[in-house]
Number of protein chains: 2
Amino acid sequence: MDADPDLFKAIGDATRRTILDELIDRDGQTLFEICGRLTMKHGLASSRQAISQHLAVLEQAGLVHTRRQGRYKFHHIDTSPLRSIVERWPIDREAPNP
Amino acid sequence: MDADPDLFKAIGDATRRTILDELIDRDGQTLFEICGRLTMKHGLASSRQAISQHLAVLEQAGLVHTRRQGRYKFHHIDTSPLRSIVERWPIDREAPNP
DNA sequence: GTTATAGGCAAGTCTCCACTTGCCTGTCAA
DNA sequence: TTGACAGGCAAGTGGAGACTTGCCTATAAC
């Protein structure tokens, strides 16, 4: 029961959800890119360390994968862990397949 | 942005997720029924007040609807709010429709 | 009526976690 | 080699929330 508490913890924070939105908009950003765009587009004045810790939580939940390249670290979103949510509590489909 | 923080808060707690599991298994339970089954089947020794507060959070998130009948209050699960999650961050479908 | 049952309300405690602060490591350009 | 840039580590702080405690209301059985 409850195999992945990290997943629910990850999406439980509003800032982390905004980070996921940002990675949906542009995948493969670095930490500084995410910081800048969160400040500009979303008005979030979060520090670099805060965002870094958020990304670590997202990575531990499997929602973000990282790729190192020189002194840059690119972050890629992976939404597949979310599948377990709708598999655990199936959504009654009201919109039938056309 | 982030229209429903109550939803993520609701599924962010392990006990509340177990309550949803229990309502999936048997819908329309009362508070005391849920307390009993959580203790028996899931080994959770939570007090009645704790479960009551959890149900209030679930109801505020729209995941649980209640129906009063005499001195009983029946709780019904509604998984449709979960749809917003997969709509917000679409899941790359690997299993094609047969 | 009296008692038991099903549930609600409110204040207090305590733990977890988001965020900060300060310093350190590693990579690239000059 | 020196500096700037990208990122990491660790201890400390503050606030949100899970849970308890105690008492109260309402419905039903006796």
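Remember, predicted model here, so these are calculated numbers, not experimental data. First the proteins, then the strands, lettered A, B, ... as listed; each starts at 1.
- Here the side chain of Lys73(A) is nearest to one of dT27(D), dA6(D), dG7(D), namely dG7(D).
- OP1 or OP2 of dG8(C) has at least one side-chain nitrogen or oxygen of Ser52(B) nearer than 4.0 Å.
- The structure places CZ of Arg26(B) at 15.5 Å from NE2 of His75(B), a figure rounded to the nearest 0.5 Å.
- Here the side chain of Lys9(A) is nearest to one of dA6(C), dG8(D), dC17(C), namely dC17(C).
- At whole-Å resolution of the value, CZ in Arg68(A) and P in dT27(C) are 8 Å apart.
- Atom pair Asp13(B):CG and dC17(C):P shows a separation of 11 Å (rounding to whole Å applied).
- Rounded to whole Å, the distance from CD1 on Ile19(A) to C1' on dC19(C) is 13 Å.
- When the nearest nucleotides of DNA chain C are assigned to Gly12(A) and His75(B) by heavy-atom distance, the more 5′-ward of the two goes with His75(B).
- Gly28(B) approaches Leu23(B) most closely through the heavy-atom pair N-CD2, 4.4 Å.
- Under the 4.5 Å side-chain criterion, counting only non-hydrogen atoms from C-beta, Arg88(A) is not in contact with Leu20(B).
- Cation-pi geometry between Arg48(B) and Phe32(B) is not met: the NZ or CZ atom fails to fall both under 6.0 Å from the ring centre and inside 45° of the normal.
- The CD atom of Gln49(A) sits 14 Å away from the P atom of dA10(D) (whole-angstrom rounding).
- Put simply, His54(B) has no side-chain N or O that comes within less than 4.0 Å of OP1 or OP2 on dG17(D).
- Note on Arg16(A): a side-chain N or O is less than 4.0 Å away from OP1 or OP2 of dA18(C).
- Closest contact between the side chain of Thr30(B) and the listed nucleotides dG7(C), dG26(C), dG7(D) involves dG7(C).
- Counting to the nearest Å, the P atom of dG7(C) and the CG atom of Leu55(B) are 10 Å from each other.
- Atom-to-atom, CG of Leu31(A) to C1' of dG7(D) comes out at 7 Å; the value is rounded to the nearest Å.
- In this structure, the nucleotide among dG8(C), dC5(D), dA4(C) sitting nearest to the side chain of Arg71(B) is dA4(C).
- One finds a side-chain N or O of Ser47(B) lying less than 4.0 angstrom from the OP1 or OP2 phosphate oxygen of dT20(D).
- Going from atom CG of Leu31(B) over to atom OG1 of Thr66(B) covers 11.5 Å, rounded to the nearest 0.5 Å.
- Ranking dC23(D), dA6(D), dA10(C) by closeness to the Arg48(B) side chain, first place goes to dC23(D).
- Here dC14(C) presents its P atom at 17 Å from CD of Gln53(B), a figure rounded to the nearest Å.
- Distance Ile34(A) CD1 to dG7(D) C1': 12 Å, rounded to the nearest Å.
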